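Encoded as C-alpha cells, the structure appears first; notes follow it.
In this text the structure is predicted, and so the values were computed from the model without any measurement.
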Amino acid sequence: MLVNNAFHVTYCTNIHPGADWKQTFQSLKDNLPEIKKNVANKVAFGLGLRLSNKASEELNNAGNLAVFKSWLADNNLYVFTMNGFPYGNFHDEPVKDLVHAPDWTTSERIQYTQRLFEQLEALLPENMSGGISTSPISYKHWFKSDDSKKAAFTQGAISLIKIVKQLSEIEERSGKYLHLDIEPEPDGLIENSDEFIQFFENYLIPLGVDILKNDLDFTLTEAKNLIKRYITICYDICHFSLAYEEPEDTFKKLKASGITVGKIQVSAALKIIFEEENKEDIWRALSVFNEPTYLHQVTQKVGDDVKTYNDLPIVLAKKKDFKELRAHFHVPIFLEQFGLLHSTQDHILKVISILKKDTISEHLEIETYTWDVLPKSLKKDLSESIIREIDWLNQRLRSHE
C-alpha cells in the first residue's frame, strides 16, 4: 500500500505460522483478505513476506511460485520486502539465540538468502525496488574471543559479497534493484549504528573491494559503490531504541557514512521506569512478559554506554536498583503504556516526524511478531490487531502535525 505517494506500508508475516510452504500459504489465505479489505480495500497492498528455509525450498517446487503469483494478482497484493532473518521455524517452540542460526559464516545462510532473492525478483512488480532483511552476521555470545569475532566478521563480509554479485547480476538482467538490509539488534555481532559503520569500514568495504576488483575487474570506486548500493541497513525502531540511539542522530551518522536505510521496521520495545513507591508492582508487571520462545534482551543506559542482559529472566532474578530498563519484546505499536509499564512508541513518532521531511526509506514494515506470547490482557483477535497497527501508522503518516 502506497502512503503519501512515498511509502510502501505493510506488516511482516512472520506473525503467522509458516514452518513449510503449505502452512505459510494457508496462513496468508486465512488472514490477508480480511486485513486488506480493512486497510487497503480499493488499492494494492504490499506484503512483508517471511519464508522459512523449508518454505522457500518448497515454493520452488511443482509450480508453487506460479500459483502464488496468480493468487497475489487475483487479490491485488504484491511482495516488495521479505524477512530473511529467521531461517527455521519461528512459532510454537523455543527460538531464543537460534534465530541467528545458521549465521553469515555458513554456506546455508548464503544459499537461503540467494534463493529468497531469486524469488523476490520473480514476485516484485516492475518499477519497484525490493529488499530482504537479515541477521547482524551472528550472535555475539557464540564467540569467546576477539579473534573469533574478527574471524566471523571476515567470513561474514566475504559471504555478503556473494550477495552483492548476485544482486548486481539481477539488476543487469531484469532491471530490478534489490538490496540486502542488515538488521542490528542487542547481542548481535552488530548491535548499533557505530558497530554497523565499523563493520562496513573495517571489513565489508576493504575485503569486498579486493574481491570485486579481482573477480569482476572493477575499479576501486566502482567496487565501493556496488557494495554500498546493495548492502543496506534495516532500521528496526525497537532495536535502536534498545541501544538508546536517537533516530535523528542515527540517520545523520548513517548518511555521513554513505550507508542507505533499506527498510524501516516499525516496532516498539518495552520501557520500564521504576518509581520508588511501587517498584515491586512494576517488577510483577514485567514478570508477566517472561516467556520461553524468544530472546528478550534487556538494556540499561550506564553513563554513555549501554549494558545488555541477554534475556529477561536474568534481570528478573537480580532485581537490582534500576531507574530505567528497556526490554526486547515487540509490543503493539499503538499503545504507549501497558499498566505500570511503558513502550518506546516515542521513538516511532520521532521517526515518523523525520520521514515527513526526508524519505529515509520507502519500505515501512510493522513487525510485532509476539502476539501469540503477549500477556492475556494484550491478546486480541490477530487480524483485528494487525489492522489496528496499520491504521495507527497510516493515520500518523498522513497527519500534518
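Applying the ring pair (Phe, Tyr, Trp, His ring centres under 6.0 Å) rule to Phe200 yields the partners Phe196; only residues at least two apart in sequence or on another chain are considered. The side-chain hydrogen bond (donor to acceptor under 3.5 Å, both in side chains) search around Arg115 returns Asn53, Ser56, not counting sequence neighbours.
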Exercise for review: Determine, stepwise, if the pair Glu367 / Asn83 fulfils side chain to side chain contact (heavy atoms under 4.5 Å, CB included).
Suggested key: CA-CA 10 Å; Glu367 202 208 11; Asn83 186 338; 3.4 Å; yes
**Study point:** Arg388/Glu384 under salt bridge (Lys or Arg N to Asp or Glu O under 4.0 Å): CA gap, chis, key distance, verdict
**Key:** CA-CA 6 Å; Arg388 189 175 174 188; Glu384 177 187 335; over 6 Å; no
Review point. For Lys301 and Glu324, what are the C-alpha separation, side-chain angles and deciding distance, and is it a salt bridge (Lys or Arg N to Asp or Glu O under 4.0 Å)?
Key: CA-CA 8 Å; Lys301 189 75 179 291; Glu324 179 182 333; over 6 Å; no
Practice item. Go through Ile137 and Leu160 one step at a time and tell me if the side chain to side chain contact (heavy atoms under 4.5 Å, CB included) criterion holds. Key: CA-CA 9 Å; Ile137 308 304; Leu160 290 172; 3.9 Å; yes
Exercise for review: Carefully, step by step, assess Ser138 and Lys149 under the rule side-chain hydrogen bond (donor to acceptor under 3.5 Å, both in side chains).
Suggested key: CA-CA 9 Å; Ser138 190; Lys149 289 178 184 176; over 6 Å; no
**Study point:** Asp281 and Arg284: CA distance, side-chain angles, deciding distance, salt bridge (Lys or Arg N to Asp or Glu O under 4.0 Å) verdict
**Key:** CA-CA 5 Å; Asp281 291 336; Arg284 278 192 289 272; 2.3 Å; yes
Exercise for review: Check the pair Glu57 / Asn61 against side-chain hydrogen bond (donor to acceptor under 3.5 Å, both in side chains), numbers first and verdict last.
Suggested key: CA-CA 7 Å; Glu57 288 178 332; Asn61 295 339; over 6 Å; no
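Sorted by first and then second residue, the side-chain hydrogen bond (donor to acceptor under 3.5 Å, both in side chains) pairs with a member in residues 187-200 read Lys140-Glu191, His141-Asp187, Ser193-Glu245, Ser193-Lys253, Asp194-Lys253; sequence neighbours excluded.
Atom CD of Gln111 is separated from atom OG of Ser159 by 10.5 Å, given to the nearest 0.5 angstrom. Rounded to the nearest 0.5 Å, atoms CZ (Phe338) and CG (Leu286) are 12.5 Å apart. Asp304 contributes atom CG, which lies 13.5 Å from atom OH of Tyr244 (distance to the nearest 0.5 angstrom). Rounding to the nearest 0.5 Å places CG of Leu123 at 7.0 Å from CE of Met82.
Centroid-to-centroid, the aromatic rings of Phe80 and His363 come within less than 6.0 Å. Less than 6.0 angstrom separates the ring centroid of His100 from the ring centroid of Phe85.
Using bins of under 30°, 30° to 60° and over 60° for the plane-to-plane angle, the ring pair Tyr369/His330 lands in the tilted bin. Relative ring orientation between Trp21 and Phe68 is described as perpendicular, the plane-to-plane angle rising above 60° on a 0-90° scale split at 30° and 60°. Note: Tyr235 and Phe251 have tilted aromatic rings, judged against thresholds of 30 and 60 degrees for the angle between ring planes.
Residue Leu364 forms a side-chain contact (heavy atoms from CB on, under 4.5 Å) with just one option from Ile352, Leu397, Asn394, and that option is Leu397.
Across every non-hydrogen atom of Glu201 and Pro206, the tightest pair is O-CD, 3.3 Å. Across all non-hydrogen atoms, the minimal contact from Ile211 to Ile161 is CG2-CG2, 3.9 Å. In terms of heavy atoms, Leu124 sits closest to Ser129 at CD1-O, 3.5 Å. Between Ala19 and Asn89, the shortest heavy-atom distance links the atoms CB-OD1, 3.8 Å. In plain terms, the two heavy atoms of Leu178 and Leu167 that are nearest each other are O-CD1, 3.4 Å. Across Gly84 and Leu116, no two heavy atoms sit closer than the pair CA-CD1, 3.8 Å.
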Side chains of residues 265-273: which donor-acceptor partners sit under 3.5 Å, not counting sequence neighbours?
from   : atom 1 : to     : atom 2 : distance (Å)
Gln265 : NE2    : Glu365 : OE1    : 2.9
Ser267 : OG     : Asp236 : OD1    : 2.6
Ser267 : OG     : Cys238 : N      : 3.1

Name every donor-acceptor pair, under 3.5 Å, that has one atom in a side chain of residues 219-227 and the other anywhere in the protein, sequence neighbours excluded.
from   : atom 1 : to     : atom 2 : distance (Å)
Thr219 : OG1    : Glu222 : N      : 3.1
Thr219 : OG1    : Glu222 : OE1    : 3.3
Glu222 : OE1    : Thr219 : N      : 2.9
Asn225 : ND2    : Thr221 : O      : 3.3

Please tabulate, for the side chains in residues 307-316, all donor-acceptor contacts under 3.5 angstrom to protein atoms that are two or more places apart in sequence or on a different chain.
from   : atom 1 : to     : atom 2 : distance (Å)
Tyr309 : OH     : Gln300 : OE1    : 3.1
Asp311 : OD1    : His296 : N      : 2.9
Asp311 : OD2    : Lys96  : NZ     : 2.7

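Between Leu341 and Phe329 there is no side-chain heavy-atom pair separated by less than 4.5 Å. When side chains are defined from C-beta on, Ile348 counts as touching Trp392, because their heavy atoms get closer than 4.5 Å. Annotation: side chain of Ile15 is in contact with side chain of Leu382 (closest heavy-atom distance under 4.5 Å). No side-chain heavy atom of Leu189 sits less than 4.5 Å from a side-chain heavy atom of Asp103.
With 3.5 Å as the limit, one finds no donor-acceptor pair spanning the side chains of Ser145 and Asp147. Under the 3.5 Å distance criterion, with hydrogens and angles disregarded, no donor-acceptor pair is assigned to the side chains of Thr232 and Lys263. No side-chain donor from either of Asn64 and Glu58 sits under 3.5 Å from a side-chain acceptor of the other. Looking only at atom types and distance, the side chain of Gln345 has no donor-acceptor partner in the side chain of Ser343 under 3.5 Å away.
In terms of modelled atom types and a separation under 3.5 Å, the side chain of Ser168 and the main chain of Val164 share no donor-acceptor contact. Checking side-chain atoms of Thr81 against main-chain N and O of Gly131 turns up a donor-acceptor pair under 3.5 Å. In terms of modelled atom types and a separation under 3.5 Å, the side chain of Thr359 and the main chain of Glu362 share no donor-acceptor contact. Lys69 places a side-chain N or O within 3.5 Å of a backbone atom of Ala122 that can act as its donor or acceptor partner. Within the 3.5 Å criterion, the main-chain N or O of Thr134 finds no donor-acceptor partner in the side chain of Arg109.
For the pair Arg229 and Tyr177, the distance from NZ or CZ to the six-membered ring centre is under 6.0 Å and the angle to the ring normal is within 45 degrees.
By the neighbour-count criterion of 12 heavy atoms within 6.0 Å, atom NZ of Lys150 is sparsely surrounded, having that number or fewer from other residues, nucleotides or ligands. Sparse packing is recorded around CG of Asn127, with 12 or fewer heavy atoms of other residues, nucleotides or ligands lying under 6.0 Å away. Around atom CD of Gln337, more than 12 heavy atoms belonging to other residues, nucleotides or ligands sit under 6.0 Å away. Applying the 6.0 Å contact sphere to NZ of Lys22 captures no more than 12 heavy atoms from other residues, nucleotides or ligands. The number of heavy atoms from other shown groups lying within 6.0 Å of NZ (Lys29) is above 12.
Between Lys165 and Glu169, none of the side-chain N atoms (NZ, or NE/NH1/NH2) sits under 4.0 Å from a carboxylate O, so this pair counts as no salt bridge.
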